[in-house]
Structures are given as structure tokens and as C-alpha cells.
Amino acid sequence: MSRVLVTGAASALGRALVGGLLADPAVELVLAVDATAPGAEGERLRCLHADLVRPRDVRTLLYGPTRELAIDTVVHAALHGSPTHGGRRAHALDVESTRELLRLAEDHPTLRSFVYRSSADVYHVGADAVEIIDEDHPLELDPRAPQYVRDRVEADLSVCVHAGLSPLRIAVLRCAE
């Protein structure tokens, strides 16, 4: 991983990720989408805005700056920020943008890796839950689960389906709080 595109760079996790990548001398360039650090751009950091809810913006992002800068890795860390304000836009950001990014990345001339930042919200937690949740823990597939959980499970599974069939190296990170 030497040239990295990071979506969701304005979030706390995104800012930390960009900072960590810039601290690694092996990383040549970071393209931070929606980073809110005016004046922070430098030789190894480029910041830009893209509305990932709009497929045209996703295509422009990948076949514009991503291709021009020879980005080889996408870290998709953009998730809707509010678990209580769902709706179409939240679904579009959490699920549809993930599918579109992955679909376009698979045929991209410079991209080789796709890292999806999921969350521990995808796991079923109930009275029967164990104290330690691992990757074999059941997913939350209850149709009565909140929209943000259902959306994150759907996006997570969409990426996992591609993992064995895609020309990309795909990793899903189910981050705990």
C-alpha cells in the first residue's frame, strides 16, 4: 500500500487513519475525501470533496483524481454518522456508495486493494450473547433491527461476497467501539 484513497476522512476515525498513514514513510500519498483540514495539504496529502451518495461523484472520484494520482488502495471508511437519523440518504451512503465504489474499483486501472471499514454493529447482541464477540459470531439479521444496523450488515455482506471473486485484495475491518 503506497498510494491510498481514504473516504470519510472528516470523521474522528478518518482523521486518525490519515494521520497514521502520513506517519508511515512507506505511504507515498494520501487522497483524503471530505477531510476538513484546510491548509493541511502537502506533498503527501491531497484533500477533496465528493458526495459519495451520488454515483456520478463516485465515478468522477475514481476515474479522475484516483487514476491521475495512481492510487492503489481504497480505504472506504465513510459511514452515516447518526444511528437515529436514517432514511434514503443514510442508506445511500452506507450501502449504495459501498457497492458503487467496489464495482468501479474492480475494473480500475490502478486500484489493487479495497479495505472496508465495517463496525461491530453488524453482530447480533442479545441475552444469549457471549462476552467476547469474534468473527464467527452471528450477524444481526433481524428485520426489526434499526435501519443503521440493517444498512451496515447489508454493506458488510456486499463486500464479503466480492472478497473471493474479485481481482482486488479485499479486507473487511469490523471495528469495535
Side-chain angles (χ1 to χ4, degrees), residues 1-24 26-27 29-37 45-55 57-58 61-62 65-66 71-86 89-106 108 111-125 133-137 139-140 145-164 166 168-177:
M1 176 165 65
S2 61
R3 295 177 162 259
V4 184
L5 165 69
V6 178
T7 66
S11 69
L13 179 84
R15 287 190 304 272
L17 178 59
V18 169
L21 289 168
L22 291 172
D24 184 348
V27 176
L29 179 75
V30 176
L31 178 59
V33 177
D34 291 334
T36 54
L45 175 64
R46 304 284 190 285
C47 301
L48 59 84
H49 172 72
D51 185 357
L52 298 178
V53 169
R54 299 180 49 181
D57 280 13
V58 174
L61 171 65
L62 289 188
T66 301
I71 301 294
D72 57 38
T73 302
V74 172
V75 178
H76 183 41
L79 289 173
H80 192 270
S82 173
T84 59
H85 295 89
R89 186 160 179 83
H91 180 80
L93 179 61
D94 289 352
V95 179
E96 294 168 26
S97 72
T98 302
R99 286 186 180 144
E100 186 68 1
L101 270 170
L102 187 54
R103 184 184 71 77
L104 293 171
E106 288 182 326
H108 196 275
L111 293 174
R112 302 290 170 253
S113 302
F114 188 92
V115 179
Y116 175 67
R117 180 254 175 163
S118 186
S119 76
D121 293 333
V122 301
Y123 292 112
H124 171 74
V125 178
I133 296 174
D134 64 13
E135 289 183 352
D136 295 326
H137 197 76
L139 297 178
E140 180 56 81
Q147 177 190 339
Y148 82 97
V149 172
R150 292 190 321 268
D151 286 350
R152 290 178 183 181
V153 169
E154 184 177 352
D156 185 294
L157 290 175
S158 294
V159 175
C160 289
V161 164
H162 285 262
S166 177
L168 298 169
R169 290 182 306 254
I170 296 176
V172 176
L173 305 177
R174 293 182 181 152
C175 303
E177 297 302 321

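Side chains included, hydrogens not; waters and symmetry mates left out as well; all remaining heavy atoms used.
Between the side chain of Thr7 and the main chain of Ala77, a donor-acceptor pair closer than 3.5 Å is present. Of the possible donor and acceptor atoms, one in the side chain of Thr66 sits under 3.5 Å from a partner among the backbone N and O of Leu61. Arg112 places no side-chain N or O within donor-acceptor distance of the main-chain N or O of Asp72, the cut-off being under 3.5 Å.
Checking Asp51, Val53, Leu52 one by one against Ser97, the side-chain contact (heavy atoms from CB on, under 4.5 Å) holds for a single residue, Leu52.
Counting heavy atoms from C-beta on, the side chains of Leu111 and Ile71 come closer than 4.5 Å. Counting only heavy atoms from C-beta outward, the side chains of Val33 and Val6 never approach each other to under 4.5 Å. In this structure the side chain of Ser158 never reaches within 4.5 angstrom of the side chain of Thr98, judged on heavy atoms.
Here the straight-line distance linking atom CD of Gln147 with atom CZ of Arg152 works out to 10.5 Å at 0.5 Å rounding. If you take CG on Leu45 and CG on Leu31, they are separated by 8.5 Å, rounding to the nearest 0.5 Å.
When every heavy atom of Ser118 is checked against every heavy atom of Asp156, the shortest pair comes out as OG-OD2, 2.6 Å. Minimum heavy-atom separation, Asp57 to Ala50: OD2-C, 4.2 Å. The minimum heavy-atom distance linking Val95 with Asp151 is given by the pair CG2-O, 3.2 Å.
A salt bridge is absent between Glu96 and Arg99: the closest approach of a Lys/Arg side-chain nitrogen to an acidic carboxylate oxygen does not fall below 4.0 angstrom.
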inquiry  = side chain to side chain contact (heavy atoms under 4.5 Å, CB included), that's the test. Do Phe114 and Leu101 meet it? Break it down for me.
reply    = CA-CA 9 Å; Phe114 188 92; Leu101 270 170; 4.1 Å; yes

key: Working for side chain to side chain contact (heavy atoms under 4.5 Å, CB included), residues Val30 and Leu17   = CA-CA 10 Å; Val30 176; Leu17 178 59; over 6 Å; no

request  = Take Leu168 and Leu102 through the test side chain to side chain contact (heavy atoms under 4.5 Å, CB included) and record every step on the way to the result.
outcome  = CA-CA 9 Å; Leu168 298 169; Leu102 187 54; 4.0 Å; yes

message = Please determine whether side chain to side chain contact (heavy atoms under 4.5 Å, CB included) holds for the pair Val75 and Arg117, giving the CA-CA distance in whole Å, both sets of side-chain angles, and the decisive distance to 0.1 Å.
response = CA-CA 7 Å; Val75 178; Arg117 180 254 175 163; 5.6 Å; no

